[in-house]
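Read through the structure below, which is laid out as C-alpha cells, and then see the notes.
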Amino acid sequence: MLGEKHGLLFNDGQGWKAQRRYALKTLKDFGFGKKGLESVLIEEADRMGDYFRELDGKPTLVLNLFNVAILNVLWQIVANYRYIYKR
C-alpha cells in the first residue's frame, strides 16, 4: 500500500488528471460552484453561530459539532433535511 498512488492528493500525472476530472464532475453534480450551494453553506454557518451564542460562553465539546455541520450541508443537498445541534 505504501508507495502506491491513491486518490487526488497522493497521485500525479494521468492518474491525477483522471481523479481530478472525476472529483470535479461529481462535486458539480451535487451543486458545487452553484449559487444554491452557497446559500446552504451560509445557512448552516448561521445556525452554528446561533448555537454558539445560545451556549453563552459555557464550555462545550466541539469535536462532533463540526461533523454535524458538514453532514447537514451534504444532507441538505441530498435529502433536504438537517439535524439539530444538541447540548
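Heavy atoms only: backbone and side chains are in, while hydrogens, waters and symmetry mates are out.
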> Who passes side-chain hydrogen bond (donor to acceptor under 3.5 Å, both in side chains) against D50, sequence neighbours left out?
Replying inline: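 If we apply the side-chain hydrogen bond (donor to acceptor under 3.5 Å, both in side chains) test to D50, skipping adjacent residues, the hits are R53.
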> So which pairs with a foot in residues 72-82 pass side-chain hydrogen bond (donor to acceptor under 3.5 Å, both in side chains), sequence neighbours left out?
Replying inline: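 Applying side-chain hydrogen bond (donor to acceptor under 3.5 Å, both in side chains) to every pair that reaches into residues 72-82, excluding sequence neighbours, yields E44-N72, E44-R82.
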> Partners of L41 by side-chain contact (heavy atoms from CB on, under 4.5 Å), sequence neighbours excluded?
Replying inline: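 In terms of side-chain contact (heavy atoms from CB on, under 4.5 Å), with neighbours along the sequence ignored, L41 is linked to L37, V73.
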> Which residues satisfy the side-chain contact (heavy atoms from CB on, under 4.5 Å) test with I42, sequence neighbours excluded?
Replying inline: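 Checked I42 against side-chain contact (heavy atoms from CB on, under 4.5 Å); matches are E38, D46.
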> With ILVMFWY side chains joined below 4.5 Å, transitively, what does L74's cluster contain besides itself?
Replying inline: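 Hydrophobic cluster check, L74: joined to I70.
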> To which residues is L24 joined in a hydrophobic cluster, defined by side-chain heavy-atom contacts under 4.5 Å among Ile, Leu, Val, Met, Phe, Trp and Tyr, whether direct or through other members?
Replying inline: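 Besides L24, the hydrophobic cluster comprises nothing; the residue is isolated.
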> Are there more than 12 heavy atoms of other residues, nucleotides or ligands under 6.0 Å from atom CZ of F52?
Replying inline: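 Atom CZ in F52 is crowded, with more than 12 foreign heavy atoms closer than 6.0 Å.
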>> Give me each pair satisfying salt bridge (Lys or Arg N to Asp or Glu O under 4.0 Å) with a member in residues 62-78, each pair once, sequence neighbours excluded.
In response: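 Listed once each, the pairs would be none.
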>> Filter on salt bridge (Lys or Arg N to Asp or Glu O under 4.0 Å), then keep only pairs touching residues 66-77, sequence neighbours left out; what's left?
In response: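 Those involving residues 66-77 do not exist here.
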> Side-chain heavy atoms under 4.5 angstrom apart, residues restricted to Ile, Leu, Val, Met, Phe, Trp, Tyr: same cluster for L71 and V78?
Replying inline: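 Yes, L71 and V78 fall within the same hydrophobic cluster.
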> Roughly how far, to the nearest 0.5 Å, is OH of Y51 from CG of L65?
Replying inline: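 The OH atom of Y51 is 6.0 Å from CG of L65, to the nearest 0.5 Å.
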> What's the shortest heavy-atom distance between V62 and F66, and which atoms?
Replying inline: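 Shortest heavy-atom contact: O-CD1, 3.4 Å.
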